[in-house]
Amino acid sequence: MDDLLQPLNPPQRQAVQCTEGPLLILAGAGSGKTRVITYRIAYLIRACQVPPAQILAVTFTNKAAEEMRQRVQQLLGVTALPVWVATFHATCAQILRREAAVLGLSPHFVIYDTAEQLTLLKQCQRELDIDPELYPPQSLLRRISTLKNELIDPEAFVREAADFGLDEKVARLYPLYQRRLRQQAAVDFDDLLMLTVALWQRHPEVLARYQQRWRYVMVDEYQDTNVAQYHLLRLLTAASRNLCVVGDDDQSVYRFRGANVRNILEFERDFPDATVIKLEQNYRSTATILEAANAVIAKNPHRKAKTLWTTNPRGEPLGYFCAQDEVHEAEVICQNLVGLHHREGLPWGAMAVFYRTNAQSRVLEDSLRRAGVPYQIVGALRFYDRQEIRDVLAYLRLLVNPQDMLSLRRIINVPRRGIGPTTWGRLEALAEAQQRFGLDALEALLASGTLGKAAQEKLRAFAELLRGLQAEVPYLGVADLVREVLARTGYAAQLEAEGTAEAQARLDNLGELISAADEFERRSGGAGLQAFLEQLALLSDQDSFDASGGAVVLMTLHAAKGLEFPVVFIAGMENGLLPHSRAFDDPAELEEERRLCYVGMTRAQQRLFLTSAARRRVYGVQQQHTPSLFLADIPAACVQDYSPQPVLAQLRQPWSAAAHFPPAAAPAAPDGSPYAVGTRVWHAHFGRGVVQKREGEGEDLKLTVRFDEHGVKKLLVRFAPLQPLPS
DNA sequence: TTCCCGCGGATTTTT
DNA sequence: TCCGCGGGAA
């Protein structure tokens with residue numbers, strides 16, 4: 001057994017051998033945390049004789065899960081292993097399907113993604129006559145999502161919600177939204193977690209089954225868990241107490257999604273008998289890269305004390321370049337990629353470019369394409385978000401769950417079959433009146449004889465089409481079902497008839513969908529349509545990343561978490577972008593931006609390049625940007641400034657305004673007045689704020705301002721004691 | 001019912 | 001800048 005643990009350093013070995021009771025592994029970037037988890041699983045099985053089926057390992061992405069399984073199997077020299085390795089969401093989805101009956105949920109429920117949630121919420125909003133201008137659906141949905149992540153169900157919220165403002169609206173919307181979900185046998189991402197917690201809390205006998213089934217629980221990326229996930233873990237391990245969590249508070253970057261750093265910071269309070277092990281030796285990066293990253297993250301208050309060190313060589317200094325604008329920036333990055341590839345023989349796939357926002361990828365893409373550099377973008381326009389794919393998937397979902405009104409609505413007139421809003425309105429009214437949904441409602445409508453002759457005939461043909469497809473489900477594989485849908489609905493024929501390049505691209509994408517279905521069938525041993533759809537719904541952006549590909553990788557800093565590359569570029573190192581402009585209002589947000597920067601820097605093994613642009617087009621508007629304040633924290637000895645006019649030295653001066661204030665100057669609106677959207681302002685009563693919106697002009701200029709302390713106000717410039725802040 | 005046009009809002013990050 | 005939605009006309 002000792003030979004199994006041979007490759008581990010002392011703290012790693014200690015972590016692996018500490019198998020009983022609560023265990024917190026604080027694993028710094030590049031300290032071999034994945035290795036510790038995989039060895040720990042192998043050790044439990046081989047040395048402690050734990051049956052593999054009693055082990056649960058939770059990861060953040062499906063990809064990470066798959067990799068972990070492979071590695072454990074490799075360690076143990078087996079080709080299959082009944083260890084449960086999956087994401088929280090996938091695990092909960094499985095549990096909910098199995099236990100659906102107890103909750104009064106259909107076991108064939110569909111999982112709605114963000115776009116579908118938004119569609120449904122907008123419907124509810126219209127129904128309740130809540131003005132989308134005053135209450136943007138996005139904000140309402142975010143609020144509901146937060147509530148779910150905090151395990152506050154509609155009933156509870158209605159009891160405690162404020163009776164004014166956004167929450168008053170949410171208190172009306174949330175119950176309706178939830179009711180609509182259930183009517184069509186749908187759940188959203190957050191429901192997966194919230195419902196599983198509810199299931200376990202209300203049905204101790206069900207919980208007991210899972211407690212016995214999974215006696216050893218391991219969680220990766222614990223810093224990114226939210227309240228719901230925290231409760232899931234507490235419930236599940238209440239009896240065994242064998243909970244091992246691995247994480248790094250410095251890499252917590254999903255606060256906006258409800259992730260709660262508290263979980264990791266207070267693990268020791270939650271589990272007073274917990275063992276805590278720190279992994280502080282970094283095996284990934286050069287000493288220079290590590291020193292630079294350490295210096296950046298050191299500025300954050302509220303961290304667990306931790307000092308990463310390495311025995312790796314110092315390596316090259318970091319490179320920094322301040323470009324004129326974003327096009328120039330992209331070109332410089334591109335030239336360097338080409339240089340590294342041709343002069344130093346680095347494979348394209350060894351290099352990655354990170355950025356803060358997806359919008360930044362476009363300019364980079366243009367440059368790379370022109371230069372003939374092969375690249376892959378991770379997560380930008382997801383394959384499964386394409387219209388044609390979503391259309392076909394809507395058909396497939398309807399076959400599994402005929403109650404799904406959202407999918408029905410999506411495809412009832414796609415391709416065109418002359419069924420318009422009037423008929424749909426009838427269907428919706430009937431659904432509400434008779435509480436019958438989806439195909440069921442459709443057939444009730446047909447039977448009611450209230451439709452006109454033409455509408456009746458069209459609808460009948462459509463219902464027949466769906467019933468026909470439904471009858472095929474038990475007999476056909478997933479790929480064949482996709483082919484059937486494409487053929488029988490006339491979807492493929494319509495695209496072929498179009499004959500445009502765009503239509504051809506869509507057809508190609510659909511071909512790829514068929515391949516994906518084929519692949520799924522092979523790998524899953526014919527698991528069926530429902531499993532296929534579920535896998536797609538829970539796919540993450542990172543899952544599309546092909547590590548073996550010989551292409552430069554482009555992705556957001558968030559997507560980069562957990563990966564590593566010999567060479568890393570971080571573009572857009574500017575105040576307003578990294579840190580993002582919306583983070584300047586809130587110290588906690590600013591800390592998160594710093595962590596994001598740290599995550600990006602620590603992905604690099606050999607070389608790290610940082611770039612910024614002095615001017616940048618945002619929504620087609622030119623903006624002046626100052627270099628990121630994070631750059632000032634990198635020790636001078638670690639970085640070389642290659643800019644035509646070096647700026648780093650100046651940035652490090654403590655009196656440098658750029659290091660403390662975000663935008664360069666108060667931007668002026670096209671009409672020359674000083675209150676452009678985004679301008680920071682000072683109000684005699686409300687204090688500091690940011691202009692959100694302008695209405696009217698001249699004398700009547702009205703501003704919507706979000707104040708740091710007093711929320712959103714509408715002000716008439718003529719009367720308000722207001723002045724723009726210069727920077 | 002469908003198509004077209006014009007306007008407004010978005011862009012932070014995502015299981 | 002671009003996309004999506006809503007409203008109005010054919």
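Note on naming: letters A, B, ... go to the chains in the order of the sequence lines (proteins, then strands), and numbering restarts at 1 for each one.
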- Task: Please indicate yes or no: is the ring centre of Phe60(A) less than 5.5 Å from the centre of the six-membered base ring of dT15(B), with the two planes inclined by under 30 degrees?
- Result: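 It does not: the ring fails the test against the base of dT15(B).
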
- Task: May I ask you to decide if the ring planes of Tyr254(A) and Phe60(A) are parallel, tilted or perpendicular, using 30° and 60° as cut-offs?
- Result: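 Because their plane-to-plane angle lies in the 30° to 60° range, the rings of Tyr254(A) and Phe60(A) count as tilted.
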
- Query: Can you say whether the rings of Tyr210(A) and Trp200(A) are parallel (under 30°), tilted (30 to 60°) or perpendicular (over 60°)?
  - Reply: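 Judged by the thresholds at 30° and 60°, the geometry between Tyr210(A) and Trp200(A) is tilted.
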
- Below 4.0 angstrom from OP1 or OP2 of dT1(B), is there any side-chain N or O of Thr423(A)?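 For dT1(B), OP1 or OP2 has a side-chain N or O of Thr423(A) closer than 4.0 Å.
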
- Query: Is the phosphate of dT14(B), meaning OP1 or OP2, less than 4.0 Å from a side-chain N or O of Thr114(A)?
  - Reply: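 Result: no.
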
- Task: Tell me, please, which residues at least two apart from Arg362(A) pass side-chain hydrogen bond (donor to acceptor under 3.5 Å, both in side chains).
- Result: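 Applying side-chain hydrogen bond (donor to acceptor under 3.5 Å, both in side chains) to Arg362(A) gives none.
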
- Qualifying residues under side-chain hydrogen bond (donor to acceptor under 3.5 Å, both in side chains), relative to Lys122(A), sequence neighbours excluded: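 Once residues adjacent in sequence are excluded, Lys122(A) has no partner under the side-chain hydrogen bond (donor to acceptor under 3.5 Å, both in side chains) criterion.
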
- Counting side-chain heavy atoms from CB outward, which of dT15(B), dT12(B), dT1(B) is closest to Phe189(A)?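 Selected nucleotide (nearest to the side chain): dT15(B).
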
- Nearest listed nucleotide, side chain of Pro421(A), among dT13(B), dT1(B), dT15(B):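 Among the listed nucleotides, the one closest to the side chain of Pro421(A) is dT1(B).
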
- Among Asp188(A), Asp153(A), Asp190(A), which residue meets the salt bridge (Lys or Arg N to Asp or Glu O under 4.0 Å) test with Lys148(A)?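 The passing option is Asp188(A).
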
For nucleotides 2-5 of chain C, print each protein N/O atom paired with a nucleotide N/O atom at under 3.5 Å, atom names and distance only.
none

- Task: Only pairs at least two apart or in different chains count here, so list each salt bridge (charged side-chain N to carboxylate O under 4.0 Å, His left out) that has a residue in residues 250-260 of chain A.
- Result: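 Matches after skipping sequence neighbours: Asp250(A)-Arg303(A), Asp250(A)-Lys306(A), Arg255(A)-Asp586(A), Arg255(A)-Glu589(A).
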
- Message: Heavy atoms only, 4.0 Å cut-off, all strands: where does Asn413(A) land among base, sugar-phosphate and nothing?
- Response: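 Touches sugar-phosphate only.
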
Pull out every protein N or O sitting under 3.5 Å from an N or O of nucleotides 8-11 of chain B, one pair per line with the distance.
residue : atom : partner   : partner atom : Å
dG9(B)  : OP1  : Glu133(A) : OE1          : 3.1

- State whether the side chain of Arg97(A) and the backbone N or O of Phe109(A) hold a donor-acceptor pair below 3.5 Å, judged by distance alone.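 Yes.
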
- Message: Using the C1' atom as the point on both nucleotides, what is the distance between dG6(C) and dT11(B), in whole Å?
- Response: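 These two C1' atoms come out 22 Å apart once rounded.
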
Between the protein and nucleotides 3-5 of chain B, which nitrogen or oxygen pairs come in under 3.5 angstrom?
residue : atom : partner   : partner atom : Å
dC3(B)  : OP2  : Arg416(A) : NH1          : 3.0

- Message: Does Arg257(A) contact dT13(B) through a side-chain donor or acceptor facing the base, at a distance under 3.5 Å?
- Response: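 For Arg257(A), whose side chain was compared with the base of dT13(B), there is no donor-acceptor pair (under 3.5 Å).
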
